[in-house]
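Order of appearance sets the numbers: ligands from 1, and atoms from 1 within every ligand.
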Amino acid sequence: MKKLRFYHSRANQQIVLLTTDYQLLTTARSLRLLKLLFMSQTYINQLKDHIGESVVLKGWLYNKRSSGKLVFLQLRDGTGIVQCVVFKPNDEALYDLADSIGQESSIIVTGTVKEDTRSSIGVELDVTALEVLQNVHDYPITPKEHGTEFLMDNRHLWIRSKKQHAVLKIRHTVIKAVRDFFDNRGFTLADTPIFTPAACEGTTTLFEVDYFGDDKAYLTQSGQLYNEATAAAFGKSYAFGPTFRAEKSKTRRHLTEFWMVEPEVAYAGYEDMMDLGEAMILSIVERVLTDRQEELKTLERDTTVLEAINSPFPRLHYDDAVKMLQEGFAKGELENNFEWGGDFGAPDETYLSTQHGKPVFVHHFPAAIKGFYFEVDKDRPECALGIDLLAPEGYGEIIGGGERATSLEYLEEQLKHHDLPQEIFEWYLDLRRYGSVPHAGFGMGIERCTAWMAGIEHVRETIPFPRMLYRLRP
Ligand code: 4AD
Ligand code: MG
């Protein structure tokens, strides 16, 4: 164990704890607090294993209620919320202290764990001691209703509240499920760069960055082109990281910075990607339903719709999707008619997915509306071997991908056609010069998937600090 030095600072009445090489470890007002700071803490989600024992909890005051004789402190520590009870006749000074603290005060509570069947976590705490690290009285987010803009401005604090906390825990589980899914299937994680010299998904949504004056760099829209290189090296690879779109879309599905998981597989076609995407979604749904029951309850998510999701997901040819949309228009169920060749709008995606109550794949999109890199159907060259997965309940496209063109000549033409500078793509063309094989992949936006799992309206609540058209802060 390390040796430590204690000092008592007269100037501010603090005990100062230093390492032997004079690095500040902590300061405290009293030896008692110092002991508590170093005392091993029990987390709220473990309390059920400590019934009858005395424990130390370290956290923040979520809410408080008092009646002449009792104070109920709702303590949160990141793993849960527990009710801590102080009974005035037992200790009047303790009662007064507990009664004096405001929302989000930082506190260390010592007490005995008691079984309590009325509590959602099955226990509460009989408080025997309370140490207040900071007594707060002007926390901006109160239990009353606030507007979204205000909450978004206070996002750094808002993430402490129950619902936001639940959404971000679900995000955590979505990511964990995705990573385990690929890791368990022999994929190698090979992350791709964020500074890139060229566009992947069209030049209209690029964020430009000055790269030391000489070169222009762009924030990546997708790791795909690099994934194609790593798939040729590893057979099966995936990237998982932030991606950027300078989209002037102010919708509930768009962020300017979002996280994408992107698998890429050598010797695979677009149908294999529908198999892979379906298996991945099923494993995410199962994992969220298993590991995040409490959070889904907090969010009042109707889990029956998630439980009903099973294999196989319908696979619609774009031609058939168009027919379905036109029929929907004829029946008066859609406001606008849909023409072959167009890209689906949000109402179209919602309409297509609600016909099935399950996620729906659409494939064979018009090549003209797709990226330069798509393989086309040999018998119908106007159709790209692209796939999209539309989530149910109006969550829209959550997966986009497909089969990549293998021919060097075709890709050279495509670059010209899309007005992209060939010299910057020479490395990419090398993948067609040296061992070109059929290959395919896709990307799934973590935030859209999380919004769907959590059943919340807007993707902005599915990432700790969202970046959107009109939001760069906090
Ligand atoms: O369909 P997209 O643009 O596909 C690609 O970028 C491919 N290069 C991926 C690949 O094949 N490796 O984007 C893929 C997914 C979408 O289905 C959606 O889930 C998400 O990324 N996405 C967004 N999420 C939030 N905000 C935005 N602005 C998004 N744009 C796409
Ligand atoms: Mg797409």
Side-chain angles (χ1 to χ4, degrees), residues 171 174 178 182 187 190-192 196 198-202 204-207 219-231 236-265 268-270 272-274 276-277 280-281 284 318 343-346 348-349 353 359-363 365-366 369-375 384-391 395-405 428 439-453 458-463 466-469 471:
R171 175 195 174 90
V174 168
V178 155
F182 290 113
F187 282 73
D191 285 324
T192 52
T196 57
C200 174
E201 292 300 320
T204 55
T205 60
L206 281 174
F207 275 111
L219 299 183
T220 184
Q221 299 166 307
S222 159
Q224 180 198 317
L225 305 184
Y226 296 93
N227 288 338
E228 294 182 46
T230 62
K236 295 191 273 189
S237 60
Y238 74 105
F240 177 57
T243 45
F244 306 85
R245 303 277 168 100
E247 258 164 325
K248 295 229 158 114
S249 313
K250 206 179 164 225
T251 79
R252 66 190 192 94
R253 299 173 182 176
H254 286 89
L255 296 166
T256 53
E257 176 179 319
F258 61 98
W259 284 65
M260 190 159 32
V261 60
E262 298 183 88
E264 192 74 27
V265 185
Y270 74 100
D272 300 310
M273 290 309 103
M274 293 196 273
L276 188 69
M280 179 189 76
I281 295 291
I284 295 172
Y318 176 85
D343 210 351
F344 301 141
D348 307 317
E349 290 181 350
S353 64
V360 179
F361 279 110
V362 180
H363 56 86
F365 285 88
I369 58 165
K370 285 288 176 185
F372 76 95
Y373 50 74
F374 277 95
E375 190 67 279
L385 299 181
I387 60 152
D388 273 9
L389 182 68
L390 310 179
Y395 284 94
E397 178 206 323
I398 52 167
I399 287 180
E403 195 168 322
R404 325 305 188 187
Y428 180 69
H439 63 288
F442 65 77
M444 181 187 75
I446 291 293
E447 291 77 16
R448 286 197 193 167
C449 181
T450 304
W452 169 40
M453 290 297 112
H458 202 297
V459 288
R460 67 186 162 212
E461 291 173 32
T462 63
I463 183 164
R467 296 291 171 251
M468 294 179 288
L469 185 51
R471 180 158 299 279

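Those atoms of ligand 1 that come under 4.0 Å of a heavy atom in M260, given as number and element, are 6 (O), 13 (O), 14 (C), 15 (C), 21 (O). Near I399, the atoms of ligand 1 lying under 4.0 angstrom from a non-hydrogen atom of the residue are 17 (O). If you number the atoms of ligand 1 from 1 as listed, the ones under 4.0 Å from a heavy atom of S222 come out as 6 (O), 7 (C), 8 (N), 9 (C). Counting the atoms of ligand 1 from 1 in the order shown, those under 4.0 Å from a heavy atom of E201 are 3 (O), 5 (C), 6 (O), 7 (C), 8 (N). Of all atoms in ligand 1, numbered sequentially from 1 with element shown, those under 4.0 Å from a heavy atom of R404 are 10 (C), 11 (O), 12 (N). Against a heavy-atom cut-off of under 4.0 Å, E262 is close to the following atoms of ligand 1: 9 (C), 10 (C), 12 (N). Near G401, with a cut-off below 4.0 Å to any heavy atom, the atoms of ligand 1 are 11 (O). Taking every heavy atom of R245 and a limit of under 4.0 angstrom, the matching atoms of ligand 1 come to 2 (P), 3 (O), 5 (C), 6 (O), 13 (O), 30 (N), 31 (C).
In this structure, F258 CZ and M444 CE are separated by 11.5 Å, a value rounded to the nearest 0.5 Å. Between the CD atom of E264 and the CG atom of L225 there is a distance of 9.0 Å, given to the nearest 0.5 Å.
Residues R460 and E447 are not paired through a salt bridge, judged by the lack of any N-O separation under 4.0 Å between the basic side chain and the carboxylate.
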Should F182 and K236 be marked as a side-chain contact (heavy atoms from CB on, under 4.5 Å) after you check the CA-CA gap, both sets of side-chain angles, and the distance that decides it?
CA-CA 9 Å; F182 290 113; K236 295 191 273 189; over 6 Å; no
Taking it one step at a time, do E201 and T243 satisfy side-chain contact (heavy atoms from CB on, under 4.5 Å)?
CA-CA 11 Å; E201 292 300 320; T243 45; over 6 Å; no
Kindly determine whether R448 and R253 satisfy side-chain contact (heavy atoms from CB on, under 4.5 Å), including the steps that lead there.
CA-CA 7 Å; R448 286 197 193 167; R253 299 173 182 176; 3.8 Å; yes
Just do the side-chain contact (heavy atoms from CB on, under 4.5 Å) check on L276 and V265 with the steps written out, would you?
CA-CA 10 Å; L276 188 69; V265 185; 4.3 Å; yes
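For the pair Q221 and ligand 1, the shortest N or O to N or O distance does not fall below 3.5 Å. Geometrically, ligand 1 and H254 share no nitrogen or oxygen pair separated by less than 3.5 Å. At under 3.5 Å, a nitrogen or oxygen of I398, whether backbone or side chain, sits near a nitrogen or oxygen of ligand 1. Remark: ligand 1 and G445 share an N or O pair separated by less than 3.5 Å (distance only, no angle test). Between G402 and ligand 1, not a single N/O pair is under 3.5 Å apart.
By the criterion of a heavy-atom distance under 4.0 Å, neither the backbone nor the side chain of N227 is placed next to ligand 1. Using a 4.0 Å cut-off between heavy atoms, F244 makes no contact with ligand 1 at all. At a heavy-atom cutoff of 4.0 Å, ligand 1 is contacted by the backbone of F442 but not by its side chain. With a heavy-atom cut-off of 4.0 Å, R448 touches ligand 1 through its side chain alone. Here E247 has side-chain heavy atoms under 4.0 Å from ligand 1, and that is the only part of it that gets that close.
Among the backbone and side-chain atoms of E201, none of the N, O or S atoms lies under 2.8 Å from the Mg ion (ligand 2).
Considering every non-hydrogen atom in both C449 and I398, the closest pair reads N-CG2, 4.1 Å. Looking at every heavy atom in both residues, H363 comes nearest to I387 through CB-CG2, 3.9 Å. For M273 against G402, the heavy-atom pair with the smallest separation is CG-O, 4.5 Å.
Side-chain atoms of T462 and T450 form no donor-acceptor pair, as typed in the model, at a separation below 3.5 Å. A side-chain donor-acceptor contact under 3.5 Å links E262 and S222.
Closest to atom 26 (N) of ligand 1, if we only count protein heavy atoms, is L255 N, 3.0 Å. Ranking the protein heavy atoms by distance from atom 1 (O) of ligand 1 puts E397 OE2, 3.0 Å first. Protein heavy atom closest to atom 4 (O) of ligand 1, with residue, atom name and distance, is G400 O, 4.0 Å. Summary of contacts: the protein heavy atom closest to atom 15 (C) of ligand 1 is G443 O, 3.7 Å.
Checked options V362, D388, L389; the residue passing with E397 is D388 (criterion: side chain to side chain contact (heavy atoms under 4.5 Å, CB included)).
The minimum distance between the Mg ion (ligand 2) and any N, O or S atom of E397 involves atom OE2.
Ring centroids of F365 and F344 are separated by less than 6.0 Å, placing the two rings close together.
Residue contact check for ligand 1: R253 places a non-hydrogen atom closer than 4.0 Å to it.
Ring geometry for Y428 against F372 counts as perpendicular: the plane angle is over 60°, on a 0 to 90° scale with 30° as the lower cut.
Around atom 23 (C) of ligand 1, the closest heavy atom drawn from F258, Y226, Y238 belongs to F258.
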